[in-house]
Amino acid sequence: VNWVRRNTSITWQFTGGVTVTPDGIARAIHNTDYVVCNTTADPWLADWSKAQQVPPCEPSCTKKGGGAPPLPHTAARPDIFRIGDPARPFQFRGEYYLVMGVGTNGSKSDGSAGGMRGEAWVYRARNKELTSWSYVSVLFSTNVSAGHWWSQPTNMLECPDMFPMEDKWVLLVSQIMQGGTYKGGGNTHYNQWYVGDFDGAVFTPTSQGVLDWGLMAASKTIADVANNGSSRRVLLGWLNAFDRQGSAEGEAASSTGTTSDLGSSVLWPAYESYASQVLPRELSLCSDGTLCISPIAELSALRIASTAFHATNLAATRCLSTMRGRQLELDAVLRAPEGASVSGLSVLGSPDGEEFTVVGVNATHLVVDQRQSTLRPDCRSCVSQSKTAPWWSKAAFVLNHTVRSAPLPTAPQEKRLQHRVQAYLDGNTLEVFLNSRLAITTIAFPTRGDSTCVGIVGGVVSLKAWRLKDAPTTGVLPMPPT
């Protein structure tokens, strides 16, 4: 929850992973370098040095624009346009493995069935220093033509992460969906999870789902060892900038391509402002073999105890008099509605109802309804017209007035008379969780200074709420661990 910013001796380039091998050396592999750090001499991991050899993919990991030669096993695959985003090396049956994300352009000249698909490739380490790797096989593919139940129209798997969980393996990927183009084309990023089996060469899913039905992408996990010796898997995700809202001034600046369109809070909101981390989330296996997703328990340390609110069977209202703000935790039990009705709350509301965002459930979905979230208009083309914006900004389209939703589980054992909905509001960022099963992350930009109301839409059986204190990133270091 509380983080310390550290400068290191290397410059990181997008995605990678770190593994500490039994000799106490932290070994980091990312898209441009392979670097090492002695954790015994440097427990804060500040002093890194480059290894003599590079990871499986040469710097930038692309055939186009990066100057990297294709790997030997890609010679027969002209459909491949990108290999990159190495995952954290992991152990399986005493050996280290590494997963890379792969993008294809739809060519069938390699002789394989089907066209465009995303793939993940797996490598095995040749030495204990993890400086040399052998290609093993295609670990996983979303090829629709293959006829697998998990296949989806995708042309790139980014930011893979793979780890064991109980007697299963979990593969996380950020999928770029067909219909957009690589490095552009709208909100095409979806963070998917797959639970399944791994035999050292191929990953076979047994269940699949979406990590977040909103704006989270490019997530990675860490294994957190608690004081009692137990381990849990904590996910850290990126609140991406592919779906950004902005001010009218910023929209005008971006359409003219001014040099300040990414660097001023007065103009178009800066990329750094909204490409932040989401709240840490704990992953676990549900009883049915799917993936459970919950906000970590440590977030309770941010609660301001004196602001605690608890009520039951609340009547509909636009604004609770004792609970307002833009930095809140809400924990509600909602009655499962019937038909087209919605049970839920509203946040970021104005007292007269001119602006508000609904968080709730209907008969089939978890819903975050932003159609009244702001008086600002949408802007779908302004960023793409910018002459100075980088590719991740040019991929953006702006939806201030949208409805984000996630389908409720349909299995008979998941039918509920009530739903637990947890919502965390942090300024313009809203993260919503349902029954430890679903998550939606979004951003909203109300225009009015008094749009701080928490309201009751209906069907609220009980509500607990707290105002939250800041969790700033600082540069003050505690003593190194012993």
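For reference, positions follow the sequence shown, starting with 1.
Among all heavy-atom pairs drawn from Phe433 and Tyr424, the shortest one is CE1-CD1, 4.0 Å. Contact record, Pro86 with Lys220: O-NZ, 4.0 Å, taken as the closest heavy-atom pair. A pairwise comparison of heavy atoms in Ala26 and Leu45 identifies CB-CD2, 4.1 Å as the closest pair.
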Give every donor-acceptor pair under 3.5 Å between a side-chain atom in residues 310-323 and any protein atom, sequence neighbours left out.
unit_1 : atom_1 : unit_2 : atom_2 : d
Thr317 : OG1    : Cys319 : N      : 3.4
Arg318 : NH1    : Asp352 : O      : 3.0

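At least one donor-acceptor pair closer than 3.5 Å links the side chain of Asp212 to the backbone N or O of Thr441. The backbone N or O of Ala444 lies less than 3.5 Å from a partner atom in the side chain of Asn428, making a donor-acceptor pair. The closest donor-acceptor contact from the side chain of Asp369 to the backbone of Arg371 lies under 3.5 Å. Within the 3.5 Å criterion, the main-chain N or O of His365 finds no donor-acceptor partner in the side chain of Ser405. Between the side chain of Thr447 and the backbone N or O of Thr374 there is no donor-acceptor pair closer than 3.5 Å. Side-chain atoms of Gln277 come within 3.5 Å of backbone N or O of Gly237 as a donor-acceptor pair. Put simply, the side chain of Ser207 gets close to the backbone of Gly289: a donor and an acceptor are under 3.5 Å apart. Remark: the backbone N or O of Gln370 is not paired with any side-chain donor or acceptor of Arg404 at under 3.5 angstrom. No side-chain donor-acceptor contact under 3.5 Å links Arg232 to the backbone of Ser284. Glu431 places a side-chain N or O within donor-acceptor distance of the main-chain N or O of Leu279, the cut-off being under 3.5 Å.
Taking 4.5 Å as the limit, every side-chain heavy atom of Leu438 sits out of range of all side-chain heavy atoms of Ile293. His419 places a side-chain heavy atom less than 4.5 Å from the side chain of Leu408.
Taking CG of Leu328 as the reference point, atom CG of Leu348 lies at 8.5 Å (rounded to 0.5 Å). Here the CG-CD1 distance, from Leu235 to Ile296, works out to 11.0 Å after rounding to the nearest 0.5 Å.
Test Trp193, Phe90, Phe140 against Trp169 for ring pair (Phe, Tyr, Trp, His ring centres under 6.0 Å) and you get one pass: Phe90. Each of Val432, Ile440, Val403, Val359 was compared with Val367 under the side-chain contact (heavy atoms from CB on, under 4.5 Å) criterion, and only Val403 meets it.
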(message) For Arg448 and Glu355: C-alpha separation, side-chain torsions, deciding distance, then whether salt bridge (Lys or Arg N to Asp or Glu O under 4.0 Å) applies.
(response) CA-CA 8 Å; Arg448 293 177 42 163; Glu355 293 182 324; 5.1 Å; no

(message) Could you go through Thr452 and Arg324, starting from their C-alpha distance and side-chain angles, then the distance that decides it, and tell me whether this counts as side chain to side chain donor-acceptor pair (under 3.5 Å)?
(response) CA-CA 5 Å; Thr452 59; Arg324 298 182 65 167; 3.1 Å; yes

(request) Start with the C-alpha gap between Leu291 and Met165, add the side-chain angles, then the distance that decides, and say whether side chain to side chain contact (heavy atoms under 4.5 Å, CB included) holds. (result) CA-CA 10 Å; Leu291 198 66; Met165 183 170 283; 4.0 Å; yes

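Pairs passing the salt bridge (charged side-chain N to carboxylate O under 4.0 Å, His left out) check and including a residue from residues 327-339, sequence neighbours excluded, read Arg303-Glu329, Asp331-Arg420.
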